[in-house]
Protein chains: 2
Amino acid sequence: MNYSFSEENYLKAIYHLEQYLKGEVSTNAIADKMDTKPSSVTDMVQKLADKDLLTYKKYKGVLLTAKGKKIAASVIRKHRLWEVFLVEKLNFHWDEVHEIAEQLEHIQSEELVKRLDNFLGNPDFDPHGDPIPDPQGNVKKTEKKLLSECLKNQRGICVGVKESSGEFLQYLDKKNISIGTKITVLGKEFFDGSMVIQVGQDQFFISKVIAENLYVQTS
Amino acid sequence: MNYSFSEENYLKAIYHLEQYLKGEVSTNAIADKMDTKPSSVTDMVQKLADKDLLTYKKYKGVLLTAKGKKIAASVIRKHRLWEVFLVEKLNFHWDEVHEIAEQLEHIQSEELVKRLDNFLGNPDFDPHGDPIPDPQGNVKKTEKKLLSECLKNQRGICVGVKESSGEFLQYLDKKNISIGTKITVLGKEFFDGSMVIQVGQDQFFISKVIAENLYVQTS
DNA sequence: TCCTAATTTTAGGCAAAGCTAAAAAAATAA
DNA sequence: TTATTTTTTTAGCTTTGCCTAAAATTAGGA
Ligand SMILES: [Mn+2]
Ligand SMILES: [Mn+2]
Ligand SMILES: [Mn+2]
Ligand SMILES: [Mn+2]
């Protein structure tokens with residue numbers, strides 16, 4: 001009924017990888033993501049399989065069970081709710097909250113999460129534009145695409161970031177881009193994928209790397 | 001620089017015991033308080049002594065060093081600030097917050113504590129009337145005494161509880177007693193220490209056990 | 001196919017934090 | 001002052017979560 005921090009972190013990492021890879025998650029992929037060794041992953045994965053949180057076939061990778069998915073989603077829900085709290089109530093900046101949420105996501109109390117959610121006004125997205133799973137673990141799919149997929153003259157609203165390192169978020173701040181910002185593609189260079197975009201009154205150049213890490217919603 | 005949950009819990013327990021006992025804290029006392037075995041305490045106490053968080057002499061008990069005291073006070077500060085948050089912002093009842101605060105007290109982020117404190121309006125006391133240590137670990141001493149020490153016709157304001165079990169706090173609720181409530185001693189039975197007190201318009205009987213667990217401030 | 005390289009698992013160990021049982025020291029009682 | 005009881009420590013084991021090194025398996029290239 002109660003899982004350790006480590007177990008919860010593994011489930012969360014596997015959950016994300018499974019979505020990204022759309023299938024089995026390999027030992028090495030998990031080790032990479034969690035900054036640990038493949039042999040340690042094998043150990044843990046066997047333990048999680050014993051607890052019916054995932055299915056594991058030697059040399060074939062793992063898949064979360066319904067039970068495993070639910071726990072992972074609940075950890076992610078807590079993580080994102082706390083991030084909203086930190087930004088909305090404590091006025092943290094969106095690039096400062098991840099580390100703290102990594103700790104807060106493991107606090108165990110159903111009632112606390114319920115009340116926190118309510119206190120925050122039942123938000124649907126975290127400060128980085130990521131959807132907050134509902135109490136049952138369901139995630140609202142949103143229509144979003146990468147800015148890099150947009151064509152010239154297309155217009156979109158920034159709804160999230162793919163990468164959320166401090167450096168990237170600080171870059172976005174410098175350019176006055178945040179969740180909700182309207183972006184227009186003024187030009188696109190097919191050779192290197194770079195773009196010229198308009199944000200408010202400003203027009204400026206961005207590289208492909210930037211465009212590939214910004215999610216927008218186009219109408 | 002960073003201490004484990006277990007280490008922090010030991011430091012906190014020893015801090016409280018040291019104040020209560022006004023001197024060295026024995027292995028058994030710690031084991032009792034922490035619901036663990038004396039042999040486990042000896043192990044941990046040796047580790048904490050190695051880290052200069054306390055002084056330990058075999059068979060003689062322990063005393064926190066300045067360093068140990070500071071860490072303990074910071075954990076207590078966090079515990080009590082979070083309790084205020086849970087009661088004031090999330091509308092938890094004062095008898096429901098301790099368990100959750102036991103978890104939250106270990107979250108590590110100076111900045112978080114600073115902002116939380118500010119968000120809560122820099123409170124001086126937690127929902128049970130216990131003082132919140134300042135960031136340096138200093139605790140405001142308050143003039144308070146047990147209701148049981150009051151004489152007939154004395155009047156006081158409830159400023160805290162000694163025991164804070166759910167049962168006791170729920171009893172107080174039933175009697176409409178909380179922090180800030182004015183209490184008048186109408187009568188006192190010297191044989192068994194029981195009292196008749198007035199709370200608002202109500203007059204009722206309380207046993208010695210109750211009177212010995214309620215702190216009041218008399219003017 | 002067969003050989004090499006990459007991936008994954010196993011074996012064996014370590015540190016943290018706990019436990020029980022036995023030994024040692026201190027406190028109490030006779 | 002002894003003898004007994006209580007307290008405290010030591011010794012030895014367990015579990016969790018991690019590691020390195022070696023073995024096993026799978027995947028890719030020629
Ligand atoms: Mn985590
Ligand atoms: Mn986020
Ligand atoms: Mn604790
Ligand atoms: Mn309290």
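Just so we're on the same page: letters track the sequence lines, and every chain starts at 1. None of these values were measured; they are calculated from a predicted model.
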If I take atom [atom1] from residue [X] and atom [atom2] from residue [Y], how far apart are they, to the nearest 0.5 angstrom?
| X | Y | atom1 | atom2 | answer |
| --- | --- | --- | --- | --- |
| Phe5(A) | Glu105(A) | CZ | CD | 9.0 Å |
| Glu163(A) | Leu214(A) | CD | CG | 11.0 Å |
| Lys60(B) | Thr55(B) | NZ | OG1 | 13.0 Å |
| Tyr56(B) | Thr42(B) | OH | OG1 | 5.0 Å |
| Ile100(B) | Glu102(B) | CD1 | CD | 11.5 Å |

Practice prompt. Flag this pair as yes if the NZ/CZ of Lys47(B) is under 6.0 angstrom from the six-membered ring centre of Tyr10(B) and inside a 45 degree cone about the axis; otherwise no.
Written response: no

Can you check the [X] [atom1] to [N] [atom2] distance for me, whole Å?
| X | N | atom1 | atom2 | value |
| --- | --- | --- | --- | --- |
| Asp50(A) | dT16(D) | CG | C1' | 14 Å |
| Glu8(A) | dG17(D) | CD | P | 11 Å |
| Glu24(B) | dA26(C) | CD | P | 15 Å |
| Asp35(B) | dC19(C) | CG | C1' | 13 Å |

Its contact letters, B for base, S for sugar-phosphate only and - for none at protein heavy atoms under 4.0 Å, make nucleotides 2-17 of chain C read -----SBBB-----SS

